[in-house]
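Structure record follows, encoded as structure tokens.
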Number of protein chains: 2
Amino acid sequence: MSLRHAVLGLLADRTASGYDLMRLFQTSLANVWPATQSQLYTELNRLSDAGLVTVTAEGPRGRKEYGITGDGRAELRHWLLEVEPERNRRSDALLRVFFLDQVSPGQGRAYLERERRLAGERHRALRELADALAGEPDPLAVNGLLALEWGLRFTRMQEEWAEWAAERLAAAPAAAPPPAD
Amino acid sequence: MSLRHAVLGLLADRTASGYDLMRLFQTSLANVWPATQSQLYTELNRLSDAGLVTVTAEGPRGRKEYGITGDGRAELRHWLLEVEPERNRRSDALLRVFFLDQVSPGQGRAYLERERRLAGERHRALRELADALAGEPDPLAVNGLLALEWGLRFTRMQEEWAEWAAERLAAAPAAAPPPAD
DNA sequence: GTTCGACCTGTCAACAGTGGAAAGTAGGAT
DNA sequence: ATCCTACTTTCCACTGTTGACAGGTCGAAC
């Protein structure tokens, strides 16, 4: 459960209402840890009960401004530095690859070609985002750029892999040789 | 929900009991789509109700052997070729990167160094697995090797990225320049 | 002969995440 | 005055996943 830490991280350098957080999730964290409005409000209440955040101000229309507490910062640091990151194991796309011999070799190659295309599109979208962000010195962007570079490398890798896999499939429809390094 | 399709995929070229499937998940699919025993039995019953699999034999100790039906194969092909693969969006590790400026630059670099090390270890483990599999011509291995190559590239990419990110962090603790291609 | 381990099937409670509905306030446009 | 839109919070039903529990058969070893 890292939604908790995502919220703490965002509150660490600004106070915000649930609505503010929702917009931050939609923009800066959309590609890293998406969260819906209902999750956020539930989590804010839980965090508040646990004493990790606190209401710093109450606005006009019921708006509640939340801020991180000392305990909250401690928890955030603890998670950042001491909790082992969990591996991302499930992959819808990779699962399909496992069963690719259930369709004809031609369909398999077509599937991989689509994968390559989709990865390429995502790569170009991220590149545009990176170029757009390169101009404005947004405080959020500092480490966001590290994540962005990760995305650029990842999508590039997916493209190359899909191309490689399609060739491999074409070369040896019956038995694949061991992967190259 | 792709557990359904993982089960269909495995049953597509062999009949198997729930227990057999459990072992297949533990071995060949462990890194792609983990599933627990309880999920499997529940899913088999659901699939059976939906007419996508059927009991082909009943063994001595209550063992039930399941086989895929025509509808099941149709569903599998449909999922493989026509359903858009969903992106894997949540990443525990990347989320941490976003909040890396909550700790000192030195701690941040130490974190990235650990990431690099963990990725390297996983890379070496996958390489050993690939070498071990290179010998035996397992029917499962055919497309499993494609997935394995994906893992090799992915872990290598993570290593390189963590190194790059650490350098980037060291070079510009206040404001990061735009990412290179 | 019993005990042990491998085989085999199932239920249950709990929780994270999703999507949608409900309901309310304030400010600006018509 | 009224309506629309943005803002704000909350609740509920549903799915997927997990881990624990609970049962059962069989072959082999002791």
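Letters go in sequence order (proteins before strands), and every chain restarts at 1.
A donor and an acceptor atom, one from each side chain of B/S91 and A/N88, are nowhere located under 3.5 Å apart. Between the side chains of A/N45 and A/S48, not a single donor N or O lies within less than 3.5 Å of an accepting N or O.
Protein atom CD of B/E58 is 16 Å distant from nucleotide atom C1' of C/dC7, rounded to whole Å. Here the C1' atom of nucleotide D/dC7 and the OH atom of A/Y19 are 5 Å apart, to the nearest Å. Residue A/E65 contributes atom CD, which lies 15 Å from atom C1' of D/dT9 at whole-angstrom precision. In this structure, A/N45 places its CG atom 14 Å from P of C/dA16, rounding to the nearest Å. For B/L29 and D/dT17, the CG to C1' distance is 16 Å, given to the nearest whole Å. Separating the CG atom of A/L40 from the P atom of C/dA16 is a distance of 14 Å, rounded to the nearest angstrom. Per the geometry, CG belonging to A/D20 stands 13 Å off C1' belonging to D/dT9, to the nearest Å. In this structure, CE of A/M22 is placed 8 Å from P of D/dC7, rounded to the nearest angstrom.
OP1 or OP2 of C/dT18 lies within a sub-4.0 Å distance of a side-chain N or O belonging to B/R90. For the pair A/Y41 and D/dT10, the criterion of a side-chain N or O lying under 4.0 Å from OP1 or OP2 is not met. Checking the phosphate oxygens (OP1, OP2) of D/dT10, a side-chain nitrogen or oxygen of A/K64 falls inside 4.0 Å.
At a threshold of 4.5 Å between non-hydrogen side-chain atoms, the residues B/L118 and A/E84 count as touching.
Comparing A/Q37 and A/L3 against DNA chain C, the residue whose closest nucleotide sits nearer the 5' end is A/L3.
No hydrogens or angles were tested; on distance alone, nothing pairs the side chain of B/Q39 with the base of D/dG16 as donor and acceptor under 3.5 Å. A donor-acceptor contact under 3.5 Å is not formed by the side chain of B/E43 with the base of D/dT17. Between the side chain of A/S38 and the base of C/dG17, no donor-acceptor pair of N or O atoms lies under 3.5 Å.
The aromatic rings of A/W150 and B/W161 sit perpendicular to each other, their planes meeting at more than 60°, with 30° as the lower class boundary.
Closest approach of A/G9 and B/F99 over heavy atoms only: C-CE2, 3.4 Å.
Counting any heavy atom pair closer than 4.0 Å across all strands shown, B/R4 reaches no nucleic acid atom.
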